[in-house]
Visitor: 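Structure below; questions to follow.
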Amino acid sequence: MSVVTRFPPSPTGFMHIGNARTALYNYLFARHHGGKFVVRIEDTDRARHSEEAVQAIFRSLEWLGLEYDNEAVSQFEQRARHAEVAMQMVEKGQAYYCYCSPEELNVMREQAKKEGRSSFYDRRWRDRDPSEAPKGVKPVVRIKAPAEAGESVINDLVQGEIRITNDNLDDFIILRSDGTPTYMLSVVVDDHDMGITHIIRGDDHINNAFRQKIIFEAMGWDIPRFAHLPLIHGADGAKFSKRHGAASVEEYRDMGFLPEALENYLLRLGWGHGDDEIISREQAIQWFDLDAVGKSAAKFDMAKLESLNNYYLSHAEESRLLTLITPFLKQRHQIDIRNDALAQKRVMSGMTELKERSKTLIQLTDEAAFYTKKIPYDFDEAAQRTLNETAHDTFDALLARFRECSDFTTAGIQNLCKQIADDLHGGKLGKVAMPLRAALTGTTVSPSIFHAAEILGQEESVARLEFTKERFWKNNPLSRNAAN
RNA sequence: GACCCCUUCGUCUAGAGGCCUAGGACACCGGAUUUUCAUUCCGGCAACACGGGUUCGAAUCCCGUAGGGGUCGCCA
């Protein structure tokens, strides 16, 4: 039988990083086995359903490049079918109406808690005659869980054999009093109808597996194989959530991570293949299987993600990177380079250096920004300090030599700076290069400033030096005095 | 509290009884390169939770203890 896996997010928020990993594993497992990977939106709870959340899930899936087969299914739309299955079970005597009030249920719950039991419903309506039903109370439908002593066993593909005693299973609700199906019923019916062969999900669902198994058995359906993945934890060891930092896929996208970097990171979080660290999608499909999934929870480590991102950034196609930083440039620096061919060309010329030093697209954007700046531009604090401490004659020499330079190449420019350093600073190149960097970029951090100057071109570089001189030596009497 | 699960360097992991004086990656700490930062290159620090077994031999198998996590809804 061919493998069919599924990703069933509930649209109550955005796509959690843990769900993204679950989706990835389902995707890889299906592709590895040449099967199908389908998506189902678990939207039976209309009150918590949000169209925005549904869209965010599809956006995240697309951004991660996790293509699914068939059309995505809406669980809500199958509700009639789910209810029908519930009725079949009632008819066959495998399920029954329960007329308990919320108050009665609360009492039972309290009692169970006091006695330290994890199941609480006392099955009071299991064998009672419906004629005893109180008037005007709309019943729920509960399934008959095994009442006799015994054990229920699941052979989990990740966790191994898990067994619990039947007294932990009570007659849970499959149809609400308003006639709508509960999650527990809907999942089983849908999984069956969709031909799901492997249920790969977070291990917070382990307990549900035992309940779902009861429904599968009542209906005489084949039970899919289960694989419960350990959860992703935050640095403090608790289930990873918003309070641990960014928890949604789109937040990582907005922080400047590449989807392939996030994918690689998530893949290795809980799964390994020898000493391999950098793993492509193709290799992942070839190598991924459930037997190599670890059983213990993993802590999310931002530093490692960043390191992976740096790798993928360094190896990314440069025109793609240009496209990716364009919106960030607009957002963070109010610079629109979409129609600025010159700025684009300059950024592209410096891209090789830029991408190898960056951990995120944000960092790449910020360090590429100077190429796109127009006079007048701002100088950050450190740059201002550097310029204020620069001797007047050093800067003048720089300007003069830049104007008359006949070999405006990285080597030529470095040479020229070296000469000034020899003349005025005992050969200390930093005394010349740092002011040059501050002047040309408005910052004190950049790739090779000689190369940057070459990319900017002689005309632009001279203009920027003139602008800087204007800005610092005309308006700052103190530094003029210091220089003289 | 009950039930279920987990436990190798700070973190992610390799390890399926001898190949382990426990390997890799990230982080961290040195050093080299360097005009800054970053990169790169060398080098270093660092773990089998604990206690019992089983065995000629255990990180690997069994039991117990401790610690951690998850689940206990007419939510999904």
Side-chain angles (χ1 to χ4, degrees), chain A residues 8-12 42-45 47-48 75 98 100 102 105 109 112-120 138-142 154 156 158-160 162-165 167-170 172-178 180-184 186-187 202-210 228 230-231 233 235 237-239 265 268-278 291-292 294-308 310 314 353-354 356-359 363 367 382 386 414 417-418 421 428-438 441 443-450:
Chain A
S10 60
T12 51
E42 311 251 306
D43 49 1
T44 48
D45 184 352
R48 292 212 281 162
Q75 186 160 73
C98 165
C100 284
L105 257 13
R109 220 188 312 268
K113 208 165 187 176
K114 216 163 32 177
E115 290 170 24
R117 284 180 287 119
S118 51
S119 61
F120 67 92
K138 289 197 165 177
V140 298
V141 174
R142 308 187 89 112
I154 282 175
D156 194 278
V158 169
Q159 307 288 344
I162 312 168
R163 41 181 66 216
I164 61 169
T165 50
D167 57 333
N168 287 295
L169 266 12
D170 58 11
F172 58 92
I173 296 172
I174 55 177
L175 217 54
R176 302 187 184 99
S177 50
D178 65 0
T180 60
T182 60
Y183 161 80
M184 214 61 80
S186 299
V187 204
D203 71 8
D204 48 345
H205 279 285
I206 285 185
N207 291 291
N208 293 337
F210 290 99
H228 288 96
L231 267 17
H233 286 174
K239 201 171 170 177
Y265 179 69
R268 285 285 290 100
L269 203 57
W271 175 86
H273 183 268
D275 286 341
D276 297 303
E277 296 289 346
I278 301 295
D291 53 9
K295 298 171 90 171
S296 54
K299 289 180 181 147
F300 193 87
D301 180 11
M302 189 64 109
K304 185 137 184 180
L305 208 209
E306 283 178 342
S307 147
L308 240 15
N310 169 258
S314 304
E353 269 174 297
L354 252 15
E356 283 171 2
R357 19 187 307 122
S358 304
K359 286 190 163 63
Q363 189 189 341
E367 295 194 357
T386 298
Q414 173 157 6
C417 289
K418 187 73 182 137
K428 284 185 184 163
L429 195 49
K431 287 286 184 190
V432 183
M434 280 311 287
L436 176 62
R437 166 174 287 114
T441 71
T443 73
T444 53
V445 175
S446 84
S448 162
I449 196 58
F450 309 124

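Protein chains get the first letters and strands the later ones, always in sequence-line order, with residue 1 at the start of each. These numbers were taken from a predicted model, which means no experiment stands behind them.
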Visitor: Name the pairing partner of B:C37, where a pair is Watson-Crick or G-U wobble with both distances under 3.5 Å, or state none.
Guide: none

Visitor: Counting any heavy atom closer than 4.0 Å, what does A:Ser358 reach on the DNA or RNA strands: base, sugar-phosphate only, or nothing?
Guide: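 No contact.
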
Visitor: In whole angstrom, give me the gap between the P atoms of B:C41 and B:C26.
Guide: 9 Å

Visitor: For B:G57, which nucleotide is its Watson-Crick or G-U wobble mate, given both distances must be under 3.5 Å?
Guide: none

Visitor: What is the nucleic acid contact for A:Lys428, judged by heavy atoms within less than 4.0 Å: base, sugar-phosphate only, or nothing?
Guide: nothing

Visitor: Taking only residues two or more places apart in sequence or in another chain, which ones pass salt bridge (charged side-chain N to carboxylate O under 4.0 Å, His left out) with A:Asp203?
Guide: none

Visitor: Taking any heavy-atom pair under 4.0 Å as a contact, classify A:Cys100: base, sugar-phosphate, or nothing.
Guide: base

Visitor: Given the P atoms of B:G24 and B:G44, what is the spacing between them in whole Å?
Guide: 10 Å

Visitor: Who pairs with A:His233 by ring-ring contact (aromatic ring centres under 6.0 Å, His included), at least two apart in sequence or on another chain?
Guide: none

Visitor: P atom, B:U60 versus B:G53: distance in rounded Å?
Guide: 15 Å

Visitor: Measure from the side-chain N and O atoms of A:Thr386 to the backbone N and O of A:Ala382, and report whether any donor-acceptor pair falls under 3.5 Å.
Guide: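 Yes.
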
Visitor: Send over the distance from A:Glu367 CD to B:U36 C1', rounded to a whole Å.
Guide: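 Computing the A:Glu367:CD to B:U36:C1' distance gives 11 Å.
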
Visitor: Can you tell me how far P in B:G15 sits from the matching atom in B:G23, rounded to whole Å?
Guide: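 Straight-line distance between the two P atoms is 15 Å.
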
Visitor: Salt bridge (charged side-chain N to carboxylate O under 4.0 Å, His left out) with A:Lys359: which residues, sequence neighbours excluded?
Guide: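 Expected list: none.
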
Visitor: Which residues satisfy the salt bridge (charged side-chain N to carboxylate O under 4.0 Å, His left out) test with A:Glu42, sequence neighbours excluded?
Guide: A:Arg40

Visitor: By ring-ring contact (aromatic ring centres under 6.0 Å, His included), which residues pair with A:Phe172, not counting sequence neighbours?
Guide: none

Visitor: Across the strands shown, which category fits A:Asp178 at heavy-atom distances under 4.0 angstrom: base, sugar-phosphate, nothing?
Guide: nothing

Visitor: Starting from P on B:U11, measure out to CG on A:Leu305 and report it in whole angstrom.
Guide: 17 Å

Visitor: Not counting sequence neighbours, which residues clear side-chain contact (heavy atoms from CB on, under 4.5 Å) with A:Thr180? List them please.
Guide: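 With neighbours one apart ignored, the set is A:Arg176, A:Asp178.
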
Visitor: Can you find an N or O donor on one side and an acceptor on the other, under 3.5 Å apart, linking the side chain of A:Ser177 with the base of B:C74?
Guide: yes

Visitor: Quantified in whole Å, what is the C1' atom distance between nucleotide B:U7 and nucleotide B:A47?
Guide: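 Pairwise C1' distance, B:U7 against B:A47, rounds to 12 Å.
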
Visitor: For A:Phe450, what residues pass the ring-ring contact (aromatic ring centres under 6.0 Å, His included) criterion, not counting sequence neighbours?
Guide: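 With sequence neighbours excluded, A:Phe450 shows a ring-ring contact (aromatic ring centres under 6.0 Å, His included) to no residue whatsoever.
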
Visitor: Polar atom pairs between nucleotides 27-31 of chain B and protein, under 3.5 Å, N or O only, would you list them?
Guide:
none

Visitor: Encode nucleotides 13-22 of chain B as B, S and - characters from 5' to 3', where the letter depends on protein heavy atoms closer than 4.0 Å: B to the base, S only to sugar-phosphate, - to neither.
Guide: SS--------

Visitor: Between A:Gln363 (CD) and B:C37 (P), how many Å, whole number?
Guide: 14 Å

Visitor: Assign A:Pro447 to base, sugar-phosphate, or nothing according to its heavy-atom contacts below 4.0 angstrom with the strands shown.
Guide: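 Touches a base.
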
Visitor: Would one find a side-chain N or O of A:Lys239 under 4.0 angstrom from OP1 or OP2 of B:U71?
Guide: yes

Visitor: What's the gap between B:U8 and B:C4 when it is taken at their C1' atoms, as a whole Å value?
Guide: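 One C1' to the other, the span is 24 Å.
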
Visitor: Applying a 3.5 Å limit to both distances, which nucleotide forms a Watson-Crick or G-U wobble pair with B:G17?
Guide: none

Visitor: Polar atom pairs between nucleotides 48-51 of chain B and protein, under 3.5 Å, N or O only, would you list them?
Guide:
none

Visitor: Only pairs with both distances under 3.5 Å count, Watson-Crick or wobble alike; so what is the partner of B:A2 in this structure?
Guide: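 Its partner is B:U71.
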
Visitor: Determine the interatomic distance between P on B:U65 and the same-named atom on B:C6; round to the nearest Å.
Guide: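 Rounded to whole Å, the distance is 16 Å.
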
Visitor: Given the P atoms of B:C28 and B:C37, what is the spacing between them in whole Å?
Guide: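 B:C28 and B:C37 have their P atoms separated by 15 Å.
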
Visitor: Check whether the side chain of A:Thr386 and the base of B:U36 form a donor-acceptor pair under 3.5 Å.
Guide: no

Visitor: What's touching nucleotides 32-34 of chain B from the protein side, N or O pairs under 3.5 Å?
Guide:
none

Visitor: Using only atom types and a distance under 3.5 Å, with no angle test, would you say the side chain of A:Arg357 pairs donor to acceptor with the backbone of A:Gln363?
Guide: no

Visitor: When all nucleic acid strands are considered with a 4.0 Å heavy-atom cut-off, which category describes A:Ile164: base, sugar-phosphate, or nothing?
Guide: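 Sugar-phosphate contact only - A:Ile164 comes under 4.0 Å of backbone atoms but never of a base.
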
Visitor: Pick base, sugar-phosphate or nothing for A:Ser186, based on heavy-atom distances below 4.0 Å to the nucleic acid.
Guide: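 Answer is nothing: A:Ser186 stays at 4.0 Å or more from every strand.
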
Visitor: Hunt down the Watson-Crick or G-U wobble partner of B:A66, both distances under 3.5 Å, from any strand shown, or write none.
Guide: B:U7

Visitor: Please list, pair by pair, any protein nitrogen or oxygen found under 3.5 Å from a nitrogen or oxygen in nucleotides 40-43 of chain B.
Guide:
none

Visitor: Contact class for A:Phe300 vs. all strands (heavy atom < 4.0 Å): base, sugar-phosphate, or nothing?
Guide: nothing

